[in-house]
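Written out below as structure tokens is the structure these notes cover.
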Amino acid sequence: MNVTYPTASFRQNATPPAASVPLLRVQNLNVSFGPAHSRRDVVKSVSFTVEEGRCVAIVGESGSGKSVTARTLVGLTGARSHVQADRLTFQGKSIDHLGDTEWRALRGKGIGFVLQDALVSLDPLRPVGKEIGEALTVHRAIRTGGELTERVVELLKLVGVPEPAVKARQLPHELSGGQRQRALIATAIALDPALLIADEPTTALDVTIQAQILDLLGETRERGKAVILISHNLAVVSQMADEVIVMRHGEIVEHGSSEQIFGNPRHDYTRSLLKAIPSVRSRGSRLSSSKAPRFISAERDVTKALAQSDIAQRSRPLLEAEGLVKHFRGPDGKLRTVVNDVSFRLGHGETLGIVGESGSGKTTVARMALALERPDLGEVTLEGALWTAATEKERRQRRSDISVIYQDPLSSFDPRWSIERVIDDALARRRGDPLDRASRRSEVSELLDLVGLSSSFRNRRPLELSGGQRQRVAIARAIAPRPKIIVCDEPVAALDVSIQAQILDLLGDLKSHLRVSYLFISHDLGVVHHLSDRVLVMNHGVAVEAGGADDVFLRPRQPYTRKLVAAVPQLRFQAA
């Protein structure tokens, strides 16, 4: 990949630090939130250095302090934060007491930052090209409109966005999750900063684009730039990082070279993270050490209803799609086919995985399965009855039968609601099984416990939670109405491996206990292989291959499927 950058003058004018001075030095960093009488410590005595041309990765569970550490380095911890450090320097200069103007001058030009939540981070009312161009105009790297447009398109092309000139004119919601994430990366690298902080930069990306972004980060490092990589994908970390920092509860529990961390981990917590990675070897087994949960209100278990239902009725597909076709008109006026003649069946208690590159039509298929989009051709039926062709009034009676876990949980929550109200709203709409207010309150606590959150979270707001914590709330909300089908659109993309393992185990337990079925969309082929019975592979809106999970992943027939499988990052230095 050939990489070009906007101006040579920035690189020439930047004065490199002396060889003995690290590019970044963090010594005894402490970050807390809240008033003095109830202050909550989230980063405790964290110390590390980053040298030019090196990649330092930070891994750990959601809420371990990874992202707060990263935000501290660019002055984005927020007004309610309390930051203290014995030393916090960048290029030999102290940055622990910068004002807003000084931080704005440093961000983007000296330190680039790729945020985790792409949809929330991009302005919903502004085309993505304007968002990318802002970094160039604010720092006066480009002065003419024509040059700016050309550079924006070049950056989008560099990070693998298809039809970059068209995508630059679209709003964030008109792009897929992976395309939005790539637009954020384009913004962060626009000015070729000396340090790039990437907070889950490949979370929303399929394996082929992920490989392209990792190549880009690798070339950034080879040119003498430094990278701080925050990721729950340990295979990616093992491929990229020179050093790895393992954090838990705001503290560093282990710090060493990639070879040492992955080949000979010393801390029990590090070893538990490595054991939780889903793969072909983990299929059919539990990933976490947690026991199968005690399910809520066993007397209402839907398995009893299934046992009494007609066998012939259960032999019919629970959800069936036939010949789905969907067109969308782009900002250039052209009509594009995003789903073309896709058919599939989903049985009772079955998991169908859907994989493919970003923009392949996976999420559009999911929205048609949910009857949130009406197909231009074809139809979806639910237990043999019309679904997409039915009226919304008719569908409303069955909405609780099919639930969803969205890719961007924050965008699907009312930010004013407490977590208790988010889940209670789903419980209140449970069809045929009404609960009184006291029972719903008790069940909210049990649902939070099921997804690994304590009852203390019930009074928090979505913005007060980490990305992984919000995703767990989204899963609790999806489970609440006791659906027959859950459409999972990247349900574990925002989770670290240990919590991901617990959630995958939970989804497996729900499947076996409640006979719930999953339409499971993910770019993580290891996760899909671990959980799915059958797999549908999509490319440019077309289903190119379908079959059993082992057949598709271990014996792929189509070149495109083989390309996907080959692009999956492998864990290096793995201990025997």
Side-chain angles (χ1 to χ4, degrees), residues 173-174 176 306 309-330 335-356 359-407 412 429 431-432 478 481-491 515-522 528 532-548 552:
H173 75 271
E174 297 176 302
S176 70
L306 284 170
S309 65
D310 182 74
I311 295 176
Q313 174 76 11
R314 283 191 285 147
S315 65
R316 182 167 53 193
L318 183 58
L319 187 76
E320 187 169 10
E322 289 289 344
L324 297 182
V325 176
K326 187 66 182 178
H327 307 287
F328 287 113
R329 194 174 298 279
L335 198 65
R336 289 170 171 79
T337 303
V338 295
V339 174
N340 191 4
D341 195 23
V342 170
S343 301
F344 61 85
R345 294 183 175 188
L346 180 66
H348 290 269
E350 183 181 45
T351 299
L352 174 65
I354 303 181
V355 301
S360 64
K362 305 186 303 294
T363 296
T364 302
V365 167
R367 289 182 61 81
M368 286 190 284
L370 288 160
L372 299 177
E373 295 278 0
R374 186 181 291 272
D376 296 321
L377 291 173
E379 65 177 2
V380 179
T381 57
L382 181 61
E383 292 188 303
L386 293 177
W387 183 237
T388 51
T391 65
E392 183 54 38
K393 182 178 180 180
E394 293 168 332
R395 283 195 295 262
R396 195 172 296 122
Q397 302 301 315
R398 303 202 64 191
R399 277 290 179 195
S400 61
D401 286 341
I402 182 166
S403 190
V404 61
I405 303 167
Y406 288 107
Q407 179 177 353
S412 67
R429 291 182 283 109
R431 183 168 66 93
R482 292 291 182 84
K484 296 176 181 178
I485 302 170
I486 299 179
V487 177
C488 306
D489 189 358
E490 301 286 2
R515 291 278 288 175
V516 68
S517 300
Y518 299 118
L519 195 63
F520 195 92
I521 298 169
S522 178
V528 173
S532 299
D533 301 298
R534 293 185 299 111
V535 176
L536 182 74
V537 183
M538 293 190 63
N539 184 25
H540 298 307
V542 177
V544 298
E545 187 164 354
V552 170

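Quick note: numbers below take in every heavy atom, side chains included, and nothing from hydrogens, waters or symmetry partners.
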Set out, in order, the CA-CA distance, both residues' side-chain angles and the distance that settles side chain to side chain contact (heavy atoms under 4.5 Å, CB included) for Leu536 and Val342, then state yes or no.
CA-CA 10 Å; Leu536 182 74; Val342 170; 4.2 Å; yes
Yes or no on side chain to side chain contact (heavy atoms under 4.5 Å, CB included) for Phe344 and Leu519, after CA distance, side-chain angles and deciding distance?
CA-CA 10 Å; Phe344 61 85; Leu519 195 63; 4.0 Å; yes
Using the side chain to side chain contact (heavy atoms under 4.5 Å, CB included) criterion, which residues pair with [X]? Sequence neighbours excluded.
X: Thr381; answer: Glu320, Glu379
X: Leu372; answer: Arg367, Leu370, Arg399, Tyr406
X: Val528; answer: Val355, Phe520, Ser522, Ser532, Val535, Phe553

Could you go through Lys326 and Met368, starting from their C-alpha distance and side-chain angles, then the distance that decides it, and tell me whether this counts as side chain to side chain contact (heavy atoms under 4.5 Å, CB included)?
CA-CA 9 Å; Lys326 187 66 182 178; Met368 286 190 284; 4.1 Å; yes
Quick check: closest heavy atoms across [X] and [Y], and the distance to 0.1 Å?
X: Glu350; Y: Gly347; value: OE1-N, 2.7 Å
X: Val516; Y: Pro483; value: CG2-O, 3.5 Å
X: Ala366; Y: Val487; value: CB-CG1, 3.7 Å
X: Leu319; Y: Ala369; value: CD2-CB, 4.0 Å
X: Ser517; Y: Gly349; value: OG-N, 2.8 Å
X: Trp387; Y: Arg398; value: CZ3-CB, 4.0 Å

Contact between [X] and [Y] at the side-chain level, heavy atoms closer than 4.5 Å - yes or no?
X: Glu373; Y: Phe328; value: yes
X: Arg329; Y: Arg336; value: no
X: Leu324; Y: Pro375; value: yes
X: Val339; Y: Val325; value: no
X: Ile485; Y: Leu382; value: yes
X: Val365; Y: Ile354; value: yes
X: Val537; Y: Val552; value: yes

Can any side-chain N or O of Ser403 pair as donor or acceptor with the backbone N or O of Ala478 at less than 3.5 Å?
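Yes; at least one donor-acceptor contact below 3.5 Å.
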So, Arg345 side chain and Ala321 main chain: donor-acceptor pair closer than 3.5 Å or not?
no
So, taking the atom named NZ in Lys362 and the one named CD1 in Ile521, what distance separates them when rounded to the nearest 0.5 Å?
7.5 Å
By salt bridge (Lys or Arg N to Asp or Glu O under 4.0 Å), Asp533 pairs with (sequence neighbours left out) Lys511
Salt bridge (Lys or Arg N to Asp or Glu O under 4.0 Å) partners of Arg374, counting only residues at least two apart
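Applying salt bridge (Lys or Arg N to Asp or Glu O under 4.0 Å) to Arg374 gives none.
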Which residues pass the side-chain hydrogen bond (donor to acceptor under 3.5 Å, both in side chains) test with [X], not counting sequence neighbours?
X: His540; answer: none
X: Thr337; answer: His327
X: Glu322; answer: none
X: Thr363; answer: Asp489

Lys484 and Glu383 ion-paired at < 4.0 Å:
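Salt bridge flag = yes for Glu383 with Lys484.
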